[in-house]
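Structure record follows, encoded as structure tokens.
For the numbers below, each heavy atom of this structure counts, side chains included, while hydrogens, waters and symmetry mates do not. Here is the naming used below: chain letters follow the sequence lines, and residue numbers restart at 1 for every chain. None of the values given here were measured: they were computed from a predicted structure.
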4 protein chains.
Amino acid sequence: MTHRHPLRVYWEDTDAAGIVYYANYLKFVERARTEALLAAGIRQTDLRARHGVVFAVVEARVRYRSPARLEDQLVVTTIVERVGGARLELRQDVTRDGETLAECLVTLACLGPEGRAARVPAEVRAAFGGGR
Amino acid sequence: MTHRHPLRVYWEDTDAAGIVYYANYLKFVERARTEALLAAGIRQTDLRARHGVVFAVVEARVRYRSPARLEDQLVVTTIVERVGGARLELRQDVTRDGETLAECLVTLACLGPEGRAARVPAEVRAAFGGGR
Amino acid sequence: MTHRHPLRVYWEDTDAAGIVYYANYLKFVERARTEALLAAGIRQTDLRARHGVVFAVVEARVRYRSPARLEDQLVVTTIVERVGGARLELRQDVTRDGETLAECLVTLACLGPEGRAARVPAEVRAAFGGGR
Amino acid sequence: MTHRHPLRVYWEDTDAAGIVYYANYLKFVERARTEALLAAGIRQTDLRARHGVVFAVVEARVRYRSPARLEDQLVVTTIVERVGGARLELRQDVTRDGETLAECLVTLACLGPEGRAARVPAEVRAAFGGGR
């Protein structure tokens with residue numbers, strides 16, 4: 001299952017080289033993760049309030065293949081690679097007209113109240129296709 | 001004429017006080033300006049390439065009335081207050097469910113190739129209701 | 001009393017127009033406020049933990065006079081204009097080699113636990129020259 | 001040779017989880033790269049004007065080990081792993097009191113006028129210990 005999140009490149013995203021600043025791709029893929037959860041009816045605000053859990057990125061890897069520019073219409077595609085007990089691995093690509101501009105691999109840890117590893121909530125597991 | 005631009009609050013927009021960081025409202029209203037122009041068929045990339053003009057903010061004033069939070073769905077409303085020869089004055093409010101969270105007044109200058117004041121292009125004038 | 005905070009312009013601060021993005025001046029002046037408090041031995045983290053208070057910007061006004069560019073060395077000057085019971089008014093200018101690039105007027109409210117107006121703590125009052 | 005760049009965590013860097021937002025570590029390490037070049041007398045603005053070259057990140061990998069928080073004093077350490085003909089590989093760690101909070105591996109490409117691979121300028125090569 002692939003989630004698709006469209007977004008526009010604004011002035012805030014660009015830098016003096018005339019292209020999207022490299023750190024901002026991590027913002028784009030985070031937006032896509034939040035929207036993928038919301039599309040499944042899951043608010044992180046609720047996860048935190050009810051279960052005391054948050055997701056923290058433990059590793060991110062980005063390959064930058066081609067630059068995005070002001071006013072570009074982009075799409076972030078999100079694929080769940082693996083749902084572990086307390087971890088999620090996602091493949092998130094930033095694309096423009098079907099061309100991949102940046103490839104991201106993101107590993108998230110589910111953390112409980114004191115920052116300890118916690119089990120991925122069942123609803124997230126269900127939404128992200130990771131079985132029970 | 002009021003332009004409405006919807007947007008979501010993501011993690012990147014928030015700060016350790018649990019609310020949207022104050023500078024980010026200026027990002028929100030810039031996105032709305034770009035979308036208002038695009039809705040009228042105007043790309044700033046083209047304005048710059050064809051006319052050599054860019055818009056620069058010369059004054060911004062923001063009143064912060066109530067905070068926005070993670071996952072909030074916001075709407076930026078943009079009203080053109082005045083279109084001068086080389087200036088635009090906009091009223092841009094950031095709202096949530098009809099409540100105004102922040103009120104912004106933004107004055108933009110139209111700048112030509114060497115950063116000198118330039119006439120607001122006719123198509124922008126037409127789009128923003130400023131006569132010919 | 002004028003507090004001076006030096007800072008460098010990095011790629012993250014610039015946009016595709018080749019200059020510092022307008023919202024980022026509000027980041028620069030916030031850094032200067034935090035450093036001005038730290039120079040007086042005041043950590044906002046402590047203010048929040050001990051007194052339950054945070055400072056929230058209620059109004060910001062920026063006049064952009066001249067652009068800053070990549071690698072520029074800037075200085076933010078901070079002057080306390082007024083210390084009220086629950087408010088602070090600051091004048092913060094962003095300068096380069098003595099030239100003022102942006103003038104900011106910022107009004108902060110001191111907020112207590114439930115977001116209600118709270119008295120500016122005595123140590124902040126003392127640091128910012130507002131009497132007892 | 002290790003370059004050390006100190007920096008403070010400000011409100012802009014944090015998010016609603018009370019910690020530094022994950023994308024901002026890429027900002028921190030970029031600041032350190034710019035400062036490492038400036039410490040060697042190299043301005044990227046000059047490199048671009050004189051040689052027509054810019055550095056573009058082609059790959060970034062970050063391992064997040066422990067969170068940074070508001071007002072933390074951090075140090076980015078930068079080590080040149082490899083200087084190739086048209087590439088640089090850097091190891092950049094974000095540390096606090098000697099503890100590594102995030103480990104970054106960054107590969108940069110030197111790009112010429114049309115975005116083609118270009119030879120790393122001799123002065124950068126010399127500064128980064130890559131021989132002539």
Side-chain angles (χ1 to χ4, degrees), chain B residues 12-34 43-49 52-69 76 87 90 92 94 100-116, chain C residues 12-34 43-49 52-69 76 87 90 92 94 100-116:
Chain B
E12 69 191 84
D13 303 312
T14 61
D15 69 17
I19 61 178
V20 170
Y21 180 64
Y22 85 127
N24 294 337
Y25 290 88
L26 290 185
K27 294 185 178 181
F28 296 168
V29 298
E30 191 283 314
R31 295 178 198 174
R33 292 196 297 272
T34 288
R43 290 172 60 90
Q44 287 157 274
T45 310
D46 291 342
L47 284 182
R48 194 173 170 187
V53 302
V54 294
F55 288 99
V57 175
V58 291
E59 184 165 345
R61 186 172 185 163
V62 191
R63 285 203 185 120
Y64 301 91
R65 291 168 43 166
S66 194
R69 295 175 192 281
V76 181
R87 295 215 164 188
L90 306 178
Q92 299 192 284
V94 179
T100 298
L101 305 182
E103 303 169 357
C104 305
L105 295 173
V106 180
T107 305
L108 297 124
C110 186
L111 300 181
E114 285 92 44
R116 307 247 180 98
Chain C
E12 70 191 83
D13 303 311
T14 62
D15 69 16
I19 60 178
V20 170
Y21 181 65
Y22 86 126
N24 294 337
Y25 290 88
L26 290 184
K27 294 185 177 180
F28 296 169
V29 298
E30 190 284 312
R31 296 179 197 174
R33 293 195 297 272
T34 287
R43 289 174 59 89
Q44 286 158 274
T45 311
D46 291 342
L47 284 183
R48 194 175 170 186
V53 301
V54 293
F55 288 99
V57 176
V58 291
E59 183 164 346
R61 186 173 185 165
V62 191
R63 285 202 185 121
Y64 301 91
R65 291 168 43 164
S66 194
R69 294 176 192 280
V76 180
R87 294 215 165 190
L90 306 177
Q92 300 191 285
V94 179
T100 299
L101 305 182
E103 303 169 357
C104 304
L105 295 172
V106 179
T107 304
L108 297 123
C110 186
L111 300 182
E114 283 94 43
R116 307 246 180 100

Hey, are R61(C) and E59(B) close enough for a salt bridge, meaning a charged N less than 4.0 Å from a carboxylate O? yes

Under 4.5 Å between any side-chain heavy atoms of V20(C) and Y25(C), yes or no? yes

With a 4.5 angstrom heavy-atom cut-off, is it the side chain or the backbone of V54(C) that approaches chain B, or both, or neither? neither

Top residue by heavy-atom pair count (under 4.5 Å) with chain C, among A60(B), A16(B), A17(B), A23(B)? A60(B)

Inter-residue atom distance K27(B).NZ - Y21(B).OH, 0.5 Å rounding: 9.5 Å

Nearest non-hydrogen partners of V53(B) and G112(B), listed with the distance: CG1-CA, 4.4 Å

Which atoms of E30(C) are under 4.5 Å from chain B, going by heavy atoms: the side chain, the backbone, both sets, or neither? both

Residue R65(C) versus chain B: region with a heavy atom under 4.5 Å: neither

